[in-house]
Amino acid sequence: MSMSKQKLDISGEELISLAGSLAICLAQKYDIEDLKTLRLFFQTVASNITIIEIQSCKR
């Protein structure tokens, strides 16, 4: 059974706006230590996506 992959249907401008809005919301809700943890979490997610992209290109 193969799962179909969805296309991200959002423009670069919308992604930038969404990222900025999310950052503002998180900064208003959490203290500096929690923000450091969230930053590391999102960096890890981004690194893992990069690994998946690179592996997909090799196939």
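In this text, all values refer to a predicted model and were calculated from it rather than measured experimentally.
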With a 3.5 Å cut-off and sequence neighbours excluded, list the donor-acceptor pairs that the side chains of residues 41-50 form with protein atoms.
unit_1, atom_1, unit_2, atom_2, d
Thr44, OG1, Leu40, O, 2.8
Ser47, OG, Gln43, O, 3.0
Asn48, ND2, Thr44, O, 3.3
Thr50, OG1, Ala46, O, 3.0

Can you list, pair by pair, the side-chain donor-acceptor contacts under 3.5 Å of residues 23-35, counting residues two or more places apart and other chains?
unit_1, atom_1, unit_2, atom_2, d
Asp31, OD1, Glu33, N, 3.2
Asp31, OD1, Asp34, N, 2.9
Glu33, OE2, Lys36, NZ, 3.4

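Counting only residues at least two apart or on different chains, no salt bridge (Lys or Arg N to Asp or Glu O under 4.0 Å) pair has a member in residues 7-23.
Rounded to the nearest 0.5 angstrom, Ile16 CD1 and Ser21 OG are separated by 11.5 Å. The distance from the CG atom of Leu22 to the OG atom of Ser17 is 11.0 Å, given to the nearest 0.5 Å.
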